[in-house]
Number of protein chains: 2
Amino acid sequence: MTDQREHILGCACDLYLEAGMEGFSMRKLAQQVGVTAPALYRHFENREDLLLQVVGEAHNVLGSYLYRALSASTPRERFSAAGEAYMEFALEHPRYFQIMHAFAEHLGLSEVPVEVEERMGGVKRFWDDRVRECMESGVLRRDDPDRVGLTLWAHAYGLLSLYLRGLLDAPESAFRELYGDSFARILRGLATTEYGADLDQHLTHSRESGPTRISPVDGTTP
Amino acid sequence: MTDQREHILGCACDLYLEAGMEGFSMRKLAQQVGVTAPALYRHFENREDLLLQVVGEAHNVLGSYLYRALSASTPRERFSAAGEAYMEFALEHPRYFQIMHAFAEHLGLSEVPVEVEERMGGVKRFWDDRVRECMESGVLRRDDPDRVGLTLWAHAYGLLSLYLRGLLDAPESAFRELYGDSFARILRGLATTEYGADLDQHLTHSRESGPTRISPVDGTTP
DNA sequence: CGCGGATTGTAAACAGCGTTAACTGTTAGG
DNA sequence: CCTAACAGTTAACGCTGTTTACAATCCGCG
């Protein structure tokens with residue numbers, strides 16, 4: 001039934017992973033599958049639809065990486081493991097990382113389809129959960145987990161993106177260290193203590209007008 | 001002489017800005033210029049070369065935004081202004097932001113050309129300068145400006161990227177606030193004071209010893 | 001002035017692309 | 001047994017980047 005469909009999808013992933021977006025064409029894919037190009041349209045609406053399924057597969061692989069992080073025993077370790085899992089995924093499957101974060105038009109779409117948006121929402125929620133439990137266990141300051149999660153996600157994504165693009169002329173081992181360091185710096189804070197106090201005021205002030213929780217000074221220790 | 005060349009380049013920027021990468025073709029560009037497609041090859045080696053020049057123009061525009069930040073009078077204000085300028089550029093010229101941060105293969109290249117890498121290096125150096133003077137004037141903790149600059153750049157780039165991709169379902173005004181907030185959070189630090197102290201040790205330690213992990217020490221405070 | 005050479009355009013063509021239309025063979029069901 | 005669905009084919013359309021061969025214009029030099 002959908003056996004051939006899955007076979008095609010598998011070949012599509014392979015072809016994309018080895019040839020990239022540039023070398024991906026319906027004709028080449030068909031050849032790899034062992035049919036002619038128009039046959040693909042019996043199983044997929046068009047190229048865009050097909051690539052979207054590949055994005056879905058990329059999300060599945062990322063999911064398997066993140067899921068492993070849950071086996072750590074403390075919130076703090078799960079938090080670390082999640083950060084490392086995200087990095088590991090990006091370094092081991094750069095093409096998947098790339099395609100799932102690609103701008104919509106890269107895939108020939110005008111808008112990000114709901115399916116992808118929802119999957120991304122899942123990644124975000126995973127982060128938020130790690131953040132939340134770290135706040136509850138006194139590792140992270142009490143704050144809006146959603147916003148803090150976003151800050152962390154953006155940082156991780158940005159760093160990995162810059163590295164994969166070859167803009168950081170560091171070997172992988174050096175980057176791995178740099179990634180951890182950068183995370184630690186963010187957690188600890190970059191400002192001096194005096195300036196940090198200023199920022200504290202700013203952040204708590206802006207929180208009062210918004211729909212989010214108020215962060216106390218320090219009520220973390222159990 | 002190179003008059004026509006510049007005219008073509010101008011049209012190329014216009015065409016890209018209104019049609020995007022998807023709607024950009026040599027034939028359309030030629031039509032807009034008022035010649036036939038092969039004529040373009042008298043002035044540019046190929047499509048890739050031409051798009052690279054567009055990337056160059058994008059860098060020029062970003063440069064003009066960043067440069068304005070230098071007119072602020074204190075390091076701290078210049079730092080803020082730089083962060084805002086980067087955001088302003090991304091929000092006002094999302095296509096330029098996109099193309100200058102695009103993965104190489106997006107443009108049909110196998111590697112990031114030196115020219116682009118150097119331009120990116122310029123952006124990075126601008127950031128580093130802002131960071132350095134903030135360290136010297138006691139706004140930021142004394143640390144490796146290069147690394148701190150990277151952390152901040154990655155965060156800003158990541159956040160803007162996620163927003164422009166439509167993954168943050170916030171209107172622009174909300175995003176602007178979110179962007180500033182996220183910056184403030186990073187500067188102040190996300191960890192509790194106790195955990196922050198741990199990270200302090202980790203960071204100063206790692207400066208002397210080898211590769212590290214995200215979470216340095218066990219012994220979680222429940 | 002006239003003549004070569006460089007410069008800048010043209011039309012025609014090639015290979016490849018996504019996609020569609022029309023057609024063929026195979027298979028399952030009433 | 002005939003029909004309908006299914007899964008493949010070939011041929012074609014209009015698009016793409018790019019190359020080739022050819023024509024026109026302009027500029028400096030003898």
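Since this is a predicted model, take the numbers as computed values, not measurements. Residue numbers start from 1 in every chain, and the chains themselves are labelled A, B, ... in the order their sequence lines are given, proteins ahead of strands. Only heavy atoms go into these numbers, but all of them, side chains included; no hydrogens, no water, no symmetry mates.
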(request) Using whole Å, report how far CE of A/Met26 lies from P of D/dC15. (result) 20 Å

(message) Pairing donors with acceptors under 3.5 angstrom, does anything connect the side chains of B/Glu77 and B/Ser73?
(response) yes

(message) Between A/His43 and D/dC6, is there a contact of a side-chain N or O with OP1 or OP2 at under 4.0 Å?
(response) no

(request) Whole angstrom is fine here: how far is it from CG in A/Leu40 over to C1' in D/dT9? (result) 13 Å

(request) Grab the CZ-P distance between B/Arg47 and C/dG16 for me, whole Å please. (result) 18 Å

(request) State whether the distance check finds a donor on one side and an acceptor on the other, under 3.5 Å, for side chain A/Arg27 versus base C/dG16. (result) no

(request) Using atom types as modelled and distance alone, determine if a side-chain donor or acceptor of A/Arg165 lies under 3.5 Å from a backbone N or O of B/His101. (result) yes

(message) Between A/Tyr16 (side chain only) and A/Arg95 (backbone N and O only), is there a donor and an acceptor less than 3.5 Å apart?
(response) yes

(request) Specify the separation, in whole Å, of atom CZ of B/Arg5 and atom C1' of C/dT8. (result) 15 Å

(message) Between A/Thr36 and B/Tyr41, which residue's closest nucleotide on DNA chain D lies nearer the 5′ terminus?
(response) A/Thr36

(message) Consider ring-ring contact (aromatic ring centres under 6.0 Å, His included). Of A/Tyr86, A/Phe183, A/Trp127, which one does A/His155 pass it with?
(response) A/Phe183

(message) Under 4.0 Å from OP1 or OP2 of D/dT16: is there any side-chain N or O of B/Ser25 that close?
(response) yes

(message) Between P on C/dG18 and CD on B/Glu22, what's the gap in Å once rounded to a whole number?
(response) 12 Å

(request) Kindly state whether the ring of A/His93 and the ring of A/Tyr65 have centres lying under 6.0 angstrom apart. (result) yes

(message) From the set C/dT20, D/dT18, C/dG9, return the single nucleotide nearest to any side-chain atom of B/Val35.
(response) C/dG9

(message) Does C/dT7 have OP1 or OP2 under 4.0 Å away from a side-chain N or O of B/Arg42?
(response) no

(message) Distance check needed: C/dA21 P versus A/Asn46 CG, whole Å only.
(response) 14 Å

(request) Would you please confirm or rule out a distance under 4.0 Å between OP1 or OP2 of C/dT7 and any side-chain N or O of B/Gln4? (result) no

(message) Distance check needed: C/dG16 P versus A/Leu29 CG, whole Å only.
(response) 17 Å

(request) Nearest whole angstrom, please: distance from the P of D/dT9 to the CD of A/Gln31. (result) 12 Å

